[in-house]
Asker: 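Quick one: this structure, given as structure tokens, is what I'll be asking you about.
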Amino acid sequence: MKQYLDLCRRIIDEGEWVANERTGKRCLTVINADLTYDVSAGEFPLVTTRKSYWKSAIAEIIGYLRGYDNAADFRALGTKTWDANANENQVWLNNPYRKGEDDMGLCYGAIGRNFPKPDGGSVDQLQQIVDDLTRGVDNRGEIFTFYHPGALHMACLRPCMYSHHFSLLGDTLYLNSTQRSCDVPLGLNFNMVQVYFLLAIMAQITGKKPGKAYHKIVNAHIYEDQLELMRDVQLKREPLAAPRFKINPDIKTLKDLETWVTLDDFDVEGYEFHEPIAYPFSV
Ligand SMILES: Nc1nc(=O)c2c([nH]1)NC[C@@H]1CN(c3ccc(C(=O)N[C@@H](CCC(=O)O)C(=O)O)cc3)CN21
Ligand SMILES: O=c1ccn([C@H]2C[C@H](O)[C@@H](COP(=O)(O)O)O2)c(=O)[nH]1
């Protein structure tokens, strides 16, 4: 939580204004931030200086792991966070590749679990990583990437957290996640939870101990219409004690995650938080 507040403060103190063509808004921006979550110590990085809808964040990442490409599937899992990008952005609505209502196109898991090979066919990166880690193998390239430069024009949005690289030291699993673009008031509140979750769940389904997760952010920004709420409301509040994150121990395989798991299989204990803040969202 301190890391998060420090980054928010740094953007306000040192950020530069950058015009963004896609959203038509200006963003106060810094380049490069490195956050670390000690999953072995159970340091769950949940924001306490406003109410965080952490179940939405978990639903998003489970949808990515399942390879969903449709906002309706995300809604069925428990989050509406993809509705606007799938259905309200005019550039995407005009895109000939859009397959109709709720389609998100080739983004995140839809490409990551079915990554096209130049010599034909496709690769399921996640299945390969799970198989390797389960056998105790880290080939120094256990990378789950969503970034395919030749397919970006076929998606409603380019992936923001676009690479997750897993490593084994003995039976301890580590994760390095990279994010190219970060909406700090809204997106990062979810992305921190997602990086923690990804290491915790991958350790559980591969039979490893979780170590640390390292989260690199390249472009970290606050949109102009979010600035006042961040500076004058959220940053005036004192953070509260970190809660604990619980995963149903019956989740043992990737298949379990793909088939029967719901948000009821996750819980947060001891979550104390300040009043909700409704930040504006830019489509
Ligand atoms: N501008 C922008 N920021 C993002 O963070 C973002 C995108 N676009 N597009 C793709 C996904 C969708 N994400 C989203 C979308 C909406 C919320 C949001 O509205 N959050 C509210 C309410 C959440 C809820 O009720 O479930 C919040 O207060 O956190 C958060 C992340 C993250 N990503
Ligand atoms: O997981 C996510 C997904 C998206 N975001 C934010 C970062 C940007 O504000 C927008 C994406 O816009 P681009 O023009 O494609 O950079 O969404 C996030 O923070 N986290």
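Ligands are counted one by one from 1 in listed order, and the atoms in each one are counted from 1 as well.
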Asker: With a 3.5 Å cut-off and sequence neighbours excluded, list the donor-acceptor pairs that the side chains of residues 234-242 form with protein atoms.
Answerer:
unit_1	atom_1	unit_2	atom_2	d
Gln234	OE1	Tyr279	OH	2.6
Gln234	NE2	Thr49	OG1	2.9
Arg237	NH1	Thr49	O	2.7
Arg237	NH1	Glu275	O	2.9

Asker: Linking Ile, Leu, Val, Met, Phe, Trp and Tyr through side-chain heavy atoms less than 4.5 Å apart, which residues share a cluster with Tyr174?
Answerer: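 Via sub-4.5 Å side-chain contacts, Tyr174 links to Leu169, Tyr214.
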Asker: Run the ring-centre check on Phe166 versus Phe144 and record whether the distance is less than 6.0 Å.
Answerer: no
Asker: If you draw a 6.0 Å radius around NZ in Lys55, do more than 12 non-hydrogen atoms from other residues or ligands fall strictly inside?
Answerer: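 Buried by this count: over 12 neighbours within 6.0 Å.
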Asker: Centres of the His221 and Tyr223 rings: under 6.0 Å?
Answerer: yes
Asker: Looking only at side chains, do Asn94 and Gln90 share a donor and an acceptor under 3.5 Å apart?
Answerer: yes
Asker: Any protein N/O atoms within less than 3.5 Å of an N/O atom in ligand 1? List the atom names and distances, or say none.
Answerer:
unit_1	atom_1	unit_2	atom_2	d
ligand 1	1 (N)	Asp183	OD2	3.3
ligand 1	1 (N)	Ser282	O	2.9
ligand 1	3 (N)	Asp183	OD2	2.7
ligand 1	5 (O)	Gly187	N	3.2
ligand 1	9 (N)	Asn85	OD1	2.7
ligand 1	13 (N)	Glu60	OE2	3.4
ligand 1	26 (O)	Ser56	OG	2.7
ligand 1	28 (O)	Arg50	NH1	2.8
ligand 1	29 (O)	Arg50	NH2	3.3

Asker: Does any N or O in the side chain of Tyr108 come within less than 3.5 Å of the main-chain N or O of Leu65, such that one atom is a donor and the other an acceptor?
Answerer: no
Asker: Might you confirm whether atom CD of Gln127 has over 12 heavy atoms from other residues, nucleotides or ligands at distances under 6.0 Å?
Answerer: yes
Asker: Decide whether Gln226 and Asp183 meet the rule of one side-chain donor and one side-chain acceptor closer than 3.5 Å.
Answerer: yes
Asker: Got the residues with a heavy atom under 4.0 Å of ligand 2, by chain and number?
Answerer: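 Around ligand 2, where the cutoff is 4.0 Å for heavy atoms, the contacting residues are Arg22, Tyr108, Leu157, Arg158, Cys160, Gln179, Arg180, Ser181, Cys182, Asp183, Gly187, Asn191, His221, Tyr223.
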